[in-house]
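Here is the structure we will look at, set down as C-alpha cells.
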Amino acid sequence: MTNVLPRHSYPMTVRTRFAPSPTGYLHIGGVRTALFNWLFARKHGGQFILRIDDTDQERNVEAALEPILEGFRWLGIDWDEGPCVDGPHAPYFQSQRSEQHQAAAKQLLVAGFAYRDYATPEEVQAERESAEKEKRDYVYSRRWMAETDEQAAAFEAEGRKFVVRLKMPRDGKCEFHDLIRGDVAFDWAREQDHVIQRADGSCLYHLASVVDDSDFEITHVIRAAEHLSNTPRQIFIAQSLGCNLPEFAHLPYVAEPSGTAKISKRKLDKYLKNRDFKSLCDHGNAIAAKIGHETTADTFNPVIVDFYREVGYLPDAIINYLLLLGWSLDDKTEEFTRDEMITHFSLERVNKSPASFDPQKLSAFQLRHMQHLPIKQKVALVVPFLQKTGLVASPPPCDTAPHLIKIVEAAGDRIKTAGDILEFDEFFVNDDALPFEEKAFKKRVCKDGAAELLREFRDILASAEPFDRETCEAALRSFIESKEIKIGEIIHALRVAVTGKGVGVGMFEALEILGKDSCLVRIDRCLARADD
RNA sequence: GGCCCCAUCGUCUAGCGGUCUAGGACUCCGGCCUUUCACGCCGGCAACACGGGUUCGAGUCCCGUUGGGGUCACCA
C-alpha cells in the first residue's frame, strides 16, 4: 500500500457535487456546502452535479426530495446534472445504482481488499465492548473472516450469513493533501474494517459514494469537515478499485449562534436563548401567522431554508451572507453579485475554523440587498404576501400597480423582508374596518386638546387641493403656525386617526396615498370614537 | 476516552516575519437628522488564549499547555 498519494492533475473539466440525502428539508449548512461546490465549478467552467444519497432510504424519496430541490431553485443554485435534468451519468439517485455498487464490492473481494465476514453484529459488539473495558483501541479480530471458499463453507454450515468488510491496512499512515487543511495524516491501524455490503447484498454509503464519485468523474470533493475522518477509508476504497482520486477540500462547518458547535435544527430551544436568534424567529413567526403558514419548529425555523422564503428574504442576501461564512476576498469587500462571487471565489481563501451563524449580520445583508432592488422588483416581491392575506385580489386589478409602487416607496427601508409589507395593511383595508391600536390611540388621541386640534385640521384638510404630500404638509405647517403649537402636538393624533397606528411611513406620504376621502372618513371615525 | 481538526474584537473576518500603538463589517453605546418608526450620517467601546522556543525582530514560524469542536455504525 502506498502511503503518500500523488497529486493528480485533471485534464478534464472540474466537476463538483453536492449529495444530499432526502430528509425533507434543506439545511442552511448544506446550502453553504452546496454553494461552495457550485461556485468552484462555475469559477472553473466546470459542472456542478446534484446526486441523491438515498441509500438506505425507504420509499417517499420524491416527497422528501422536493423541498430540497425547491430550495436550490429558489436560491438560484442550479445543477448541470442530477434530478430533473439528468445527464450523461444518469440515474443520479444512489438507490438506482446498486448494481454498480455491488460490482465494486465484488471487485474488492476478488482482489483481496475486502473479505467475507461471518460475525454476527452481537459478536462484533462484544469485541468492541471488551476492548473498551480493557481500554484498548478496538480493531476487529477478523475471527470470522473467510478468505477461502472452504472457510466460508464452514461458517455457512453453522448457518451464518456474511457481510463484506474492507480489509484495511494495519500499518503506516494514510496521508493526503486537503485543499483547505493542507497535509493530513491518519494511522491506518486505527481504521476499522468497515462494512461495505450487508448480508442482503445492499451496499453502504462509503462504497457507494466512492463508486459514484468515480463514475461521475468528480474531480473535487468539497464537503463538510465532519467527513475528514471518513476520508482514509474512502481513499482506500478508491485506490483498491483503481479509481482516480479526487481532490479533497473539507469545509469548516457552520456553528450555532453564539457557540462553536455545529448548527443543528434539533437544538432550537438552546438557540432561542440567543436574543438575536429569537428575534429572527419572532419576526418570521409573526409573518407566518399572518399568511397562515404553519410554524411547527420542526418545519419552520431559521436552520431550514424554507423559513427565509416564507418570510420574504432575498436569495441573493442569503447567498451573500453564507459566502462570507468561512470565506473572504480581502479586508473590505462584503457585497457580491453572483458574477463577482464566481470570479473571485477560491478554495485557498476558505477559512479553517468554524464560523458561527449570526442572525444580525444576515439581517444586515438582507437590508442592503433590499436597498439595491429596483422598486418594481420590490413590488413584485411583496404582492404574493398581500394576496395570501387577501389584502390584494389575485390577480391584482390592473390599476393597483401605481398604488402599490407608492406604498412600497413610502415604506422604503421599513420593508426589510418582503413579508414586512403586511405591517402596512392600513393602506389596503376599508376605512370603516380600520382598527385603532389601543395604546397609540390613548397616548395620541385621548391626550388633552388633541382631538380638538384634529377636528379643526380636518376641515382644513377637506379643502386641500390638490391632495398631495406637498399641499398637505403646507396646510399642516401653516395650521400649527396659526395655532402657535409644535407639530408634535397634532401630527401623532393625525397619524393614529388615518392609519390606526403610532408608527408608520412619512405622514404626508400616508395622506397622499390614502387620498382625501379616506382620510376624512378615517379622521371622522377616529373623532367619533374619541368622543365615546 | 482514542484519533483528527481548530484558535485575532461579542460575531464574521483582514493579516501569509518588520508598513500592526492590529484594519474592515455586523452588533452594542453615544450624538446628529427628524412628525413616529426605519434609513442615513458622525463618533466611541472592543481582540492577537497561555507558556516556551526560532529570529536583530512574531499576531504571523516551531513545540507544549489550555480551551473549543468533529469523529469513532451492518446512518448518510
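Within every chain, numbering begins at 1; the chains are lettered A, B, ... in the order of the sequence lines, protein sequences first and strands thereafter.
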Taking only Lys NZ, Arg NE, NH1 and NH2, and the carboxylate oxygens of Asp or Glu, determine whether Arg143(A) and Glu123(A) approach each other closer than 4.0 Å. no
Ring geometry between His194(A) and His206(A) (parallel below 30°, tilted from 30 to 60°, perpendicular above 60°): tilted
Looking at Phe467(A), is its backbone amide N or carbonyl O close enough to the side chain of Thr471(A) to form a donor-acceptor pair, meaning the two atoms are under 3.5 Å apart? no
No-H, no-angle donor-acceptor pair, Arg181(A) side chain to C5(B) base, under 3.5 Å: no
When the P atoms of C61(B) and U8(B) are considered, how many whole Å apart are they? 13 Å
Rounded to whole angstrom, note down the C1' distance from C63(B) over to C45(B). 36 Å
N-O pairing of Asp330(A) and Arg349(A) below 4.0 Å: no
Could you tell me whether Lys262(A) contacts a base, only the sugar-phosphate backbone, or nothing, with contacts defined as non-hydrogen atoms closer than 4.0 Å? sugar-phosphate
Which part of the nucleic acid, if any, lies within contact of Arg495(A), taking any heavy atom under 4.0 Å across all strands shown: a base, the sugar-phosphate backbone alone, or nothing? base
Once you apply a heavy-atom cut-off of 4.0 Å, does Arg136(A) come out as touching a base, just sugar-phosphate, or nothing? nothing
Can you classify the ring geometry of His344(A) versus Phe336(A) as parallel (below 30°), tilted (30 to 60°) or perpendicular (above 60°)? perpendicular
What distance separates Gln102(A) CD from Ile196(A) CD1, expressed to the nearest 0.5 Å? 11.0 Å
What I want to find out is whether Lys486(A) reaches Glu489(A) closely enough, with some N-O distance under 4.0 Å, to be called a salt bridge. no
Given C37(B), U71(B), U13(B), the nucleotide with the shortest approach to the side chain of Glu226(A): U71(B)
Any residue of residues 200-212 of chain A with a heavy atom less than 4.0 Å from an atom of RNA chain B: Leu204(A), Tyr205(A), His206(A)
Is the centre of the Tyr115(A) ring less than 6.0 Å from the centre of the Trp144(A) ring? no
C1' atoms of C26(B) and C20(B), separation to the nearest Å: 23 Å
Does Asp212(A) pair with Arg97(A) as a salt bridge, N-O distance under 4.0 Å? yes
What integer number of Å spans the P atoms of A7(B) and A14(B)? 11 Å
Within the 4.0 Å heavy-atom criterion, would you say His227(A) contacts the bases, only the backbone, or no part of the nucleic acid? base
Name the nucleic acid region contacted by Arg349(A), choosing base, sugar-phosphate or nothing; use a 4.0 angstrom heavy-atom cut-off, strictly under. sugar-phosphate
Base, sugar-phosphate alone, or nothing: which one does Phe508(A) contact when heavy atoms must sit under 4.0 Å apart? base
Within the structure provided, determine whether Tyr321(A) and Phe357(A) are in side-chain contact (heavy-atom separation under 4.5 Å). yes
Classify the nucleic acid contact of Ala410(A) as base, sugar-phosphate or nothing, counting any heavy atom under 4.0 Å across all strands shown. nothing
Tell me whether the rings of His250(A) and Phe248(A) are parallel (<30°), tilted (30 to 60°) or perpendicular (>60°). parallel
Anything under 30° is parallel, anything over 60° is perpendicular, the rest tilted; go ahead and classify Phe365(A) against His369(A). tilted
Hey, does Gly504(A) reach any base, or is it just sugar-phosphate, or nothing, if we go heavy atoms under 4.0 Å? base
Suppose you measure atom C1' in C16(B) against the same atom in G2(B); what distance do you get, rounded to whole Å? 34 Å
Set out, line by line, the N/O atom pairs under 3.5 Å between protein and nucleotides 40-50 of chain B.
none

If you assign Arg477(A) and Arg275(A) each to the RNA chain B nucleotide with the nearest heavy atom, which residue ends up on the more 5' nucleotide? Arg275(A)
Indicate yes or no: does Lys406(A) engage Glu512(A) in a salt bridge with an N to O separation below 4.0 Å. yes
Using OP1 and OP2 only, check whether a side-chain N or O of Ser328(A) sits under 4.0 Å from A14(B). yes
Determine the contact category for Arg128(A): base if any of its heavy atoms lies under 4.0 Å from a base atom, sugar-phosphate if only primed atoms, P, OP1 or OP2 are that close, otherwise nothing. sugar-phosphate
Nearest-nucleotide comparison on RNA chain B, the residue closer to the 5′ end among Ile491(A) and Gln360(A): Gln360(A)
Answer yes when Glu158(A) and Arg160(A) have at least one side-chain N-carboxylate O distance shorter than 4.0 Å, and no when they do not. yes
Closer than 4.0 Å, any side-chain N/O of Arg198(A) to the OP1 or OP2 of C75(B)? yes
For atom CG of Leu228(A) and atom P of C72(B), their distance in whole Å: 12 Å
Distance between C1' atoms of C29(B) and G10(B) (Å, rounded): 14 Å
Protein heavy-atom contacts under 4.0 Å, written 5' to 3' over nucleotides 7-12 of chain B as B (base), S (sugar-phosphate only) or - (none), form the string S---SB
Using a 4.0 Å heavy-atom cut-off, does Ala185(A) contact any base of the nucleic acid, only the sugar-phosphate backbone, or nothing at all? sugar-phosphate
Whole-Å P distance, A47(B) and U21(B): 15 Å
P atom, A38(B) versus C6(B): distance in rounded Å? 43 Å
Sugar-phosphate, base or nothing in reach of Lys416(A), heavy atoms under 4.0 Å: sugar-phosphate
